[in-house]
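A short worksheet on the structure shown next.
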Amino acid sequence: MEIKAIRGFNDILPDEIGKWQFVEKNAREVFEGFGFSEIRIPILERTELFSRGIGEATDIVEKEMYTFTDRSGNSLTLRPEATASMARAYLEHQLYTFDPVAKLYCIGPMFRYERPQKGRYRQFYQIDAEVFGVENPMVDAEVIVMLVRFLRRVGLEKLELQLNTLGDRNCRPRYREELKRFLMNKSFQLCEDCQRRLQTNPLRIFDCKVETCQEAIADAPKVSDFVCSECQKHFDKVKEYLEMAGLEYILNPRMVRGLDYYTRTAFEVVSYQLGSQNAVAGGGRYDNLFQEIGGLEIPGIGFAVGMERLVSLLPKDKVFVSYPHLFIAALGEEPLKEAYRMINQLHLDGIRAELDYEGKSLKSQMRRADKLKARYVLILGEDELKRGKAALRNMGTKSQEEISIDKLSEILKSKIL
Ligand code: AMP
């Protein structure tokens with residue numbers, strides 16, 4: 001039987017990869033411009049990192065992690081997100097001894113056992129950026145500005161930046177209790193999962209897609225009405241700095257984000273082109289995460305961009321595939337050998353060149369050059385080769401000229417590079 005990929009795991013094929021490379025290149029350029037450095041972290045971590053970091057009573061930890069026991073009996077988990085691993089690396093390598101402020105980004109696959117649908121997969125890619133060691137709201141704004149600049153630079157439009165504050169460990173417990181009290185009276189309306197969430201983590205109910213649950217929380221108290229004066233001051237500053245940077249936002253008091261470690265600032269960038277899975281990126285501040293995983297008081301803020309969703313939003317009229325600059329149609333044994341020698345040099349000169357290895361007829365080679373969308377074809381026959389010449393055909397204009405073989409690289413460079 002034919003073996004197929006696992007459900008929710010996708011291949012990214014060559015005709016799509018140009019978009020991914022474009023997005024990654026722009027992320028690197030924008031983030032490095034903002035002073036961020038790349039970090040590469042393992043895909044597997046000890047399960048404890050996520051259960052303690054993300055929180056036991058979150059959907060991710062309760063039911064979405066790919067967890068298994070290795071041959072030595074350790075419980076390991078395929079990372080469902082990157083922030084906890086980045087924080088672990090920062091602590092483990094004591095990056096704070098060099099400079100307490102670390103600005104890091106990472107690009108790679110994440111794994112969550114969710115129900116696959118359009119825009120939601122079991123292996124998906126994220127671009128993550130995090131700042132560790134700064135509590136000042138200026139950095140919250142800076143991180144958000146960087147995210148929006150990046151999304152605009154790759155060509156996304158019609159985006160909405162949604163903003164909320166979630167309070168901190170001083171004021172959120174009071175809100176939690178208030179929300180619980182409010183929902184207790186409506187518990188008959190809640191789905192089975194939310195009945196459980198009501199006891200373990202009532203804020204999660206905001207994220208439930210079940211209609212009766214959404215109705216139940218429609219008039220629920222808002223977290224923003226319960227935040228303490230310190231959190232309010234912090235949030236006011238974030239908004240002020242965003243305004244200074246000329247960024248528009250809307251306040252969404254119902255956005256709570258799916259992970260327990262968020263405190264204070266929470267944000268999402270939503271696209272109305274995307275359908276139900278409409279969040280392209282999300283993030284927030286997490287001043288308790290380090291405490292959970294390493295016992296140190298280190299503040300942090302960051303975001304993750306979902307690559308699949310971002311790639312699906314790229315402008316449709318932009319070409320991301322790289323076609324060959326040149327196809328060499330060699331006719332005969334000697335010309336094919338010469339083509340092989342030429343192509344090795346052209347590749348060193350940065351010219352994307354292809355040839356036909358099978359010595360097929362000119363007609364069939366021209367057909368292939370056409371299919372590959374080569375911009376030029378060099379027709380190399382026995383007689384021309386003896387004279388050191390070949391015919392260079394422009395596939396767009398269909399015009400053809402005779403050129404000296406030893407000038408090929410120079411001529412092509414002047415035409416295409
Ligand atoms: P989160 O880590 O849940 O805050 O998600 C951050 C971003 O990652 C979201 O805004 C999505 O764009 C993307 N994302 C999260 N989960 C998935 C998934 N299962 N499949 C595809 N993209 C996802």
Side-chain angles (χ1 to χ4, degrees), residues 5-12 16 19-20 23-24 27 41 43 45 49-50 53-55 58-66 77-87 105-130 143-144 146-148 150-151 154 156 159-164 166 201 203-204 206-209 252 254-263 265-286 289 300-314:
I6 314 167
R7 195 163 116 86
F9 288 67
N10 299 313
D11 299 308
I12 303 158
E16 277 285 296
K19 295 183 186 172
W20 290 70
V23 165
E24 286 168 13
I41 45 178
I43 283 170
E45 296 273 4
L49 175 68
F50 303 115
I54 299 173
T58 55
D59 279 1
I60 292 183
V61 175
E62 271 179 357
K63 52 185 191 189
E64 293 173 1
M65 293 205 304
Y66 278 92
T77 293
L78 282 171
R79 62 180 186 198
E81 56 106 52
T83 310
S85 306
M86 282 158 88
Y105 74 89
C106 139
I107 303 177
M110 308 296 153
F111 304 85
R112 293 183 198 168
Y113 193 80
E114 295 190 86
R115 196 169 57 80
Q117 54 181 289
K118 192 172 183 318
R120 186 167 290 279
Y121 309 102
R122 290 182 171 170
Q123 174 175 330
F124 59 97
Y125 286 76
Q126 284 187 337
I127 305 179
D128 278 82
E130 315 287 343
V143 160
I144 297 173
M146 178 170 91
L147 170 62
V148 174
F150 160 62
L151 295 175
V154 295
L156 265 57
L159 295 172
E160 186 174 273
L161 168 63
Q162 300 189 353
L163 203 60
N164 195 15
L166 301 177
N201 203 343
L203 267 76
R204 290 284 82 77
F206 281 103
D207 290 334
C208 183
K209 295 272 184 283
N252 178 357
R254 296 155 66 88
M255 186 233 304
V256 292
R257 312 274 305 126
L259 291 76
D260 264 5
Y261 55 55
Y262 286 117
T263 51
T265 317
F267 56 93
E268 271 183 5
V269 178
V270 165
S271 156
Y272 288 101
Q273 287 165 262
L274 272 182
S276 70
Q277 301 303 325
N278 60 5
V280 192
R285 174 165 281 285
Y286 41 87
L289 172 66
I301 176 147
F303 62 77
V305 182
M307 292 267 284
E308 284 79 0
R309 295 187 198 171
L310 174 51
V311 161
S312 75
L313 288 172
L314 293 178

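Note that ligands are numbered from 1 as they come in the structure, with each ligand's atoms numbered from 1 the same way. All values below were derived from every heavy atom in this structure, side-chain atoms included, with hydrogens, water molecules and symmetry-related copies excluded. Remember, it's a predicted structure, so these values are computed and weren't measured experimentally.
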- Query: Do ligand 1 and Tyr121 have nitrogen or oxygen atoms that lie under 3.5 Å from each other?
  - Reply: yes
- Query: Can an N or O of Glu308 be found at a distance shorter than 3.5 Å from an N or O of ligand 1?
  - Reply: no
- For ligand 1, does Leu310 get within less than 4.0 Å through its side chain, its backbone, both, or neither, judged by non-hydrogen atoms? neither
- Query: Which of parallel (below 30°), tilted (30 to 60°) and perpendicular (above 60°) describes Phe267 and Phe303?
  - Reply: perpendicular
- Item | Residue selection (non-hydrogen contact nearest atom 5 (O) of ligand 1) among Gln126, Gln123, Glu268, Arg120 | Gln126
- Give yes if a backbone or side-chain nitrogen or oxygen of Arg112 is under 3.5 Å from a nitrogen or oxygen of ligand 1, and no if not. yes
- Message: Could you tell me, atom by atom, which parts of ligand 1 come under 4.0 Å of a heavy atom of Val280?
- Response: 10 (O), 12 (O)
- Task: For a side-chain hydrogen bond (donor to acceptor under 3.5 Å, both in side chains) with Asn252, tell me which candidate from Glu160, Gln162, Glu268 qualifies.
- Result: Gln162
- Task: Enumerate the atoms of ligand 1 whose separation from the nearest heavy atom of Ala281 is less than 4.0 angstrom.
- Result: 10 (O)
- Note on the structure: Scanning both residues in full, the closest heavy-atom pair of Arg309 with Ala279 reads NH1-O, 2.9 Å
- Can you find an N or O of Val305 that's nearer than 3.5 Å to an N or O of ligand 1? no
- Where do Pro80 and Met65 come nearest, in terms of heavy atoms and distance? CG-SD, 4.0 Å
- Query: N/O to N/O below 3.5 Å, does that happen between Ala304 and ligand 1?
  - Reply: no
- Task: Could you pull out the closest heavy-atom pair between Glu81 and Phe50, with the gap in Å?
- Result: O-CE2, 3.9 Å
- Ala279: numbered ligand 1 atoms lying under 4.0 Å from its heavy atoms: 9 (C), 10 (O), 11 (C), 12 (O)
- Does a donor on one side chain sit under 3.5 Å from an acceptor on the other, for Tyr66 and Gln123? no
